[in-house]
Amino acid sequence: MPSNHPDNFGSIKGAYKQGCKDALAIPALILGFTYMGFGALVSETGLEIWHALISTGINWAVPGQIATMELYAIDASLLVIAAAVGLINCRLMPMTIVLMPHIRNKTSPRIAYYFFSNFIAVTGWAAAMKQCPRLPEEQRLPYFVGFVVPLWSICMLSTCIGFYLPDVLPAEVTMGLVFLNPVYFMLVFLADFSQPGRPTALILGAILGPLTFLLTPDWSLLVTGLFAGTIAFIVSEYFPKDKTI
Amino acid sequence: MPELHDIFTPEFMAPMAALGVAAAVTYFWRGLGVAVSGKIDKDSALFRWVTCVAYALLAGLIARMILLPIGPLAELGLGQRAGATIISLAVFFLTRKNLLAGVASGAVALVLMAKLGPL
């Protein structure tokens with residue numbers, strides 16, 4: 001796990017390798033099973049393998065992919081799909097803003113960040129947030145890319161495998177596979193829970209997320225993020241002792 | 001070789017349109033994040049606020065995915081999902097924060113409860 005890692009992998013090549021090694025362990029195992037669940041879901045929706053692969057290929061992030069399938073299955077209009085997926089995935093903007101200073105370096109062209117931002121999703125983001133700030137600047141983007149590109153490739157392969165599995169898989173197992181994902185995310189954040197400023201944001205977000213969803217499913221995340229995030233910010237700015245809880 | 005219109009049937013293209021729209025709005029947020037990030041100082045209060053918002057959004061989304069999911073998990077009762085989550089948390093802390101043990105026990109518990117009914 002990254003917590004035992006040194007602050008320097010020796011070279012840019014070493015950073016790519018270590019990123020790859022870290023991804024092709026528990027993250028690849030869990031996301032691999034999750035994406036088998038997603039592949040099975042697409043196949044149950046009655047779509048083709050290409051649809052499943054396009055979704056994982058260019059819209060990589062589980063919650064938005066499941067929402068797209070779910071909405072397509074009930075014949076939602078393109079506008080409804082755009083709005084719903086946009087609101088679910090709006091978290092990717094603050095996530096990208098927060099990650100960028102930790103992966104940026106002076107030599108990589110801007111286009112590289114615009115390209116690799118496609119691979120920002122919870123698992124790779126959490127790993128990079130933990131490891132990259134400790135690395136020399138030139139090893140940061142390589143570590144992130146070394147982590148997410150192999151992870152994404154595993155997800156593509158698993159989507160494919162899962163697509164052809166539903167005939168074999170009982171519905172309960174598909175549910176178990178899809179359930180892996182939120183539980184894994186929850187434990188990843190619990191494992192790093194005590195980082196400065198995080199506990200208030202995580203606890204308030206976890207409480208407000210489901211509550212606001214009951215009131216307004218579409219706007220729930222935006223309201224949760226702004227409200228819980230702002231309170232957590234005020235608490236950590238004005239009661240600095242809480243930073244070390 | 002099949003003709004092009006044999007491949008690009010409405011049954012093939014209608015879902016592609018939905019997937020394309022979903023991918024476009026998703027990339028909008030990521031690309032906007034990259035564009036904006038150059039203008040925000042890492043040591044500013046604004047950056048610290050955005051960090052808090054990001055973590056709150058993630059926690060909110062994860063809690064919602066577990067307690068009030070959309071997709072196949074919605075067929076199960078809240079008690080089954082909450083029960084599986086509690087089992088997962090218990091195993092995670094009992095095994096000194098072993099991710100794999102925690103996640104696997106939660107998923108296995110969910111599958112068993114889905115098959116046999118709630119505990």
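A, B, ... follow the sequence lines: proteins, then strands. Residue 1 opens every chain.
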- Above 12 or not: heavy atoms from other molecules or residues under 6.0 Å from CD1 of A:I111?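 For A:I111, atom CD1 is not crowded (no more than 12 foreign heavy atoms under 6.0 Å).
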- Count the heavy atoms belonging to other residues, nucleotides or ligands that lie under 6.0 Å from OH of B:Y27, then report whether that count exceeds 12.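 Yes, OH of B:Y27 has more than 12 neighbouring heavy atoms, counting only those of other groups under 6.0 Å.
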With no hydrogens and no angle check, is any side-chain donor or acceptor of [X] less than 3.5 Å from a backbone partner on [Y]?
X      : Y      : answer
A:Q65  : A:A61  : yes
A:S43  : A:G39  : no
A:E172 : B:V111 : no
B:W29  : A:G86  : yes
A:T212 : A:G209 : yes
A:R140 : A:C132 : yes
B:S88  : B:A84  : no
A:H51  : A:E48  : yes
A:D22  : A:A25  : no
B:R81  : B:L73  : yes

Please classify the contact of [X] with chain A as side chain, backbone, both or neither, using a heavy-atom distance under 4.5 Å.
X      : answer
B:A45  : both
B:E75  : side chain
B:F92  : side chain
B:A24  : neither
B:F12  : both
B:K115 : both
B:V34  : both

What part of [X] lies closer than 4.5 angstrom to a heavy atom of chain B: side chain, backbone, both or neither?
X      : value
A:V223 : neither
A:P217 : neither
A:Y72  : side chain
A:I54  : side chain
A:L208 : neither

Can you tell which of [options] has the highest number of heavy-atom pairs within less than 4.5 Å of chain B?
options                       : answer
A:F185, A:Y114, A:Y113        : A:Y114
A:V173, A:I81, A:T230, A:V122 : A:T230
A:T224, A:I66, A:L187         : A:L187
A:V98, A:V85, A:I203, A:L204  : A:V98
A:P63, A:A83, A:S55           : A:P63
A:F33, A:F115, A:Y184         : A:Y184

- Positions in residues 87-97 of chain A that reach chain B, provided some heavy atom is under 4.5 Å away: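 The residues closer than 4.5 Å to chain B, in numerical order, are A:I88, A:N89, A:C90, A:R91, A:L92, A:M93, A:P94, A:M95, A:T96, A:I97.
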- What do the steps show when you test A:S236 against A:R198 for side chain to side chain donor-acceptor pair (under 3.5 Å), and what is the final call? CA-CA 9 Å; A:S236 71; A:R198 283 187 203 174; over 6 Å; no
- Query: Given side chains that start at C-beta, do those of A:L169 and A:L177 come closer than 4.5 Å, heavy atoms only?
  - Reply: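 With C-beta onward as the side chain, the pair touches.
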- Give me the ring orientation class for A:W125 and A:F189: parallel if the planes are under 30° apart, tilted from 30 to 60°, perpendicular past 60°.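 Geometry flag for A:F189 against A:W125: tilted rings.
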- May I ask you to decide if the ring planes of A:F116 and A:F119 are parallel, tilted or perpendicular, using 30° and 60° as cut-offs?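 Aromatic pair A:F116/A:F119 classed tilted.
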- Query: With chain A, which of B:A109, B:A23, B:A14 has the greatest number of heavy-atom pairs at distances under 4.5 Å?
  - Reply: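 Option with the top pair count is B:A23.
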- Query: For chain A, which of B:G38, B:A107, B:P69, B:G71 has the most heavy-atom pairs under 4.5 Å?
  - Reply: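 Between B:G38, B:A107, B:P69, B:G71, the count favours B:G71.
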